[in-house]
Amino acid sequence: MANTTIGAAVPSSRILVRVGISRMLQHQAAAPTLIMCSSTAKGAEELSRLVNTGCKLVGCGSAVPSLRVSNNDLAKIVDTNDEWISVRTGIHNRRVLSGKENLTDLAVEAARKALEMAEVHPKDVDLILMCSSTGDDRFGSAPLIQKALGCKSNPLAFDITAACSGFLLGLFSASCYVKAGGFKNVLVIGADAVSRCVDWTDRGSCILFGDAAGAVLMQACDIREDGLFGFDLHSDGDGKRHLISTFKENETDDDASSGNHFASSFPPKRSSYSYLQMNGREIFKFSVRVVPQSIEAALGKAGLASSNFDWLLLHQANQRIIDGVATRLEVPSERVISNLANYGNTSAASIPLALDEAVRSGKVQPGHVIAAAGFGAGLTWASAIFRWG
């Protein structure tokens, strides 16, 4: 198991600022060559700039496919019904890509909305992080998004694969690029089309998932306005067997009958990935155990008491998981953000999708502090404490 816990004190009027230069340098480890001490005036100036750089979230956006699939629709193709699904998961509808729709277009739409809200032109974007495990191109979709947005300066764009934890890992990566790399505007997109790897005859898994995209724009700011307070990041490969979609080679009759070892092993067989396979009971136990611990760790690094935040925003996997974590953290239901009923589990898109809806509805206001957590395949889990706006 690999564990990483990273955070910074909250520069807020209600919380004591406790971040010194040594503490800030600790959190710039992502790019140490940029903050090496120097005897030159230029080096000292660069060090001062990096230490005094914060980041904040200034825009968000989301997009979903046009096709809505209800529980009753699923009941027509698999042995289930609306009550069975809703009682066990809290889900009533989900959106699924169909026709000429694709995930890249959803990601572009979400990113454009985030840029519009932030009033930032695509030419001013320095980095695009596409957090997805089900992209349109196995080599990554971020460069395609860069092109579609019209980012003329050819900013760096690449994909991050961490399933349902992907967006928060993208958020952490973006903060490193801003605080240690001098980037000013970073787009973090969470987008997944899990419908592509679901077995639609398996009622235990197909009922859970939907497709969507969500995005935020992270922007550099003075450290006194820093809006990212603490992170807690983990992975445990031993639990991967509980949620997996493995690479496999397709067998053929010709392969089986061939007596030539070389001919049977080369050229490689046509390959594909298996359907998503999930042990729901183990994932549930894993989630309600590690997520409260992770959020409390991130709050501790942020210098916040366990109840000193405005909203709890969890990966939208299952309403029973959301309720279980909220209960353990003693967070009342009116402070929990959930849109699971309308979209199902949208993997890396679920947190930015729910955030965007909460911001645009007026529920989340500038200055509100949010405790967020993602968890899923890998197994990976991550928490972040941040302020909106």
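This chain uses plain numbering: 1 for the first residue, then up along the sequence.
Taking each heavy atom of Ser175 and Leu228 in turn, the nearest pair found is CB-CD2, 3.9 Å. In terms of heavy atoms, Pro352 sits closest to Ala215 at CB-N, 3.8 Å. Residue Ile189 comes nearest to Ile128 through the heavy atom pair CD1-CG2, 4.0 Å, listed as atom of the first residue, atom of the second, then distance. Annotation for Ala384 and Leu168: closest pair CB-CD2, 4.1 Å, computed over non-hydrogen atoms. Looking at every heavy atom in both residues, Asp356 comes nearest to Met117 through OD1-CE, 4.5 Å. Pairing each heavy atom of Asn102 with each of Thr104, the nearest pair is OD1-N, 3.1 Å.
At a threshold of 4.0 Å, the pair Asp226-Lys179 counts as salt-bridged, since one of the basic side-chain nitrogens sits closer than that to a carboxylate oxygen. A salt bridge is defined here as a Lys NZ or Arg NE, NH1 or NH2 lying under 4.0 Å from an Asp or Glu carboxylate O, and Lys113 with Glu109 meets this definition.
Using a 4.5 Å heavy-atom cutoff, the side chains of Val108 and Leu144 are not in contact. Asn318 is not listed as a side-chain neighbour of Asn345, based on a closest heavy-atom distance of 4.5 Å or more. Looking at Leu353 and Tyr343, their side chains come closer than 4.5 Å, going by heavy atoms from C-beta outward. Put simply, the side chain of Leu312 does not reach to within 4.5 Å of the side chain of Ile337, judged on heavy atoms. At least one side-chain heavy atom of Trp200 sits less than 4.5 Å from a side-chain heavy atom of Leu74.
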Would you mind writing out the side-chain donor-acceptor pairs for residues 282-290 within the sub-3.5 Å range, not counting sequence neighbours?
unit_1	atom_1	unit_2	atom_2	d
Glu282	OE2	Lys285	NZ	3.2
Ser287	OG	Ile283	O	2.7

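Atom OG of Ser153 is separated from atom CG of Asp124 by 8.0 Å, given to the nearest 0.5 angstrom. The distance from the SG atom of Cys131 to the CD1 atom of Ile351 is 10.5 Å, given to the nearest 0.5 Å. The line from OG of Ser165 to CD1 of Ile160 is 12.0 Å long, rounded to the nearest 0.5 Å. In this structure, Asp137 CG and Met130 CE are separated by 10.5 Å, a value rounded to the nearest 0.5 Å. Note that CD1 of Ile85 and OG1 of Thr80 are 3.5 Å apart. Values are rounded to the nearest 0.5 Å. Rounding to the nearest 0.5 Å places CG of Leu187 at 6.5 Å from CG of Leu149.
Side-chain contact check for Asn339 and Asn342: no donor-acceptor pair (N or O, by modelled atom type) lies under 3.5 Å. Side chain to side chain, Thr201 and Asp199 meet the donor-acceptor criterion of an N or O pair below 3.5 Å. Side-chain contact check for Asp211 and Ser195: at least one donor-acceptor pair (N or O, by modelled atom type) lies under 3.5 Å. For the residue pair Ser347/Asp192, the side-chain donor-acceptor check at 3.5 Å is satisfied. One side chain, Gln319 or Ser338, offers a donor N or O that lies under 3.5 Å from an acceptor on the other. A donor-acceptor pair shorter than 3.5 Å can be found between the side chains of Arg94 and Asn71. Side-chain contact, His234 with Asp236: no donor N or O sits under 3.5 Å from an acceptor N or O. Between the side chains of Ser86 and His92, no donor N or O sits under 3.5 Å from an acceptor N or O.
Looking at Arg320, its side chain does come within 3.5 Å of a backbone N or O of Arg88 through a donor-acceptor pair. Ser70 contributes no side-chain N or O that, together with a main-chain N or O of Asn93, makes up a donor-acceptor pair within less than 3.5 Å.
Checking Leu97, Leu103, Leu106 one by one against Asp136, the side-chain contact (heavy atoms from CB on, under 4.5 Å) holds for a single residue, Leu103.
Transitive grouping of hydrophobic side chains (ILVMFWY, heavy atoms separated by less than 4.5 Å) keeps Val120 and Val216 in distinct clusters. Linking Ile, Leu, Val, Met, Phe, Trp and Tyr residues whenever their side-chain heavy atoms come within less than 4.5 Å places Val331 and Phe375 in a single cluster. Val64 and Leu355 are members of different hydrophobic clusters when ILVMFWY side chains are connected at heavy-atom separations under 4.5 Å.
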### Pair Trp388-His368, ring pair (Phe, Tyr, Trp, His ring centres under 6.0 Å): steps then yes or no
CA-CA 6 Å; Trp388 172 251; His368 282 181; over 10 Å; no
### Candidate pair Ser66 and Glu101, rule side chain to side chain donor-acceptor pair (under 3.5 Å), full reasoning
CA-CA 9 Å; Ser66 58; Glu101 294 177 319; 3.1 Å; yes
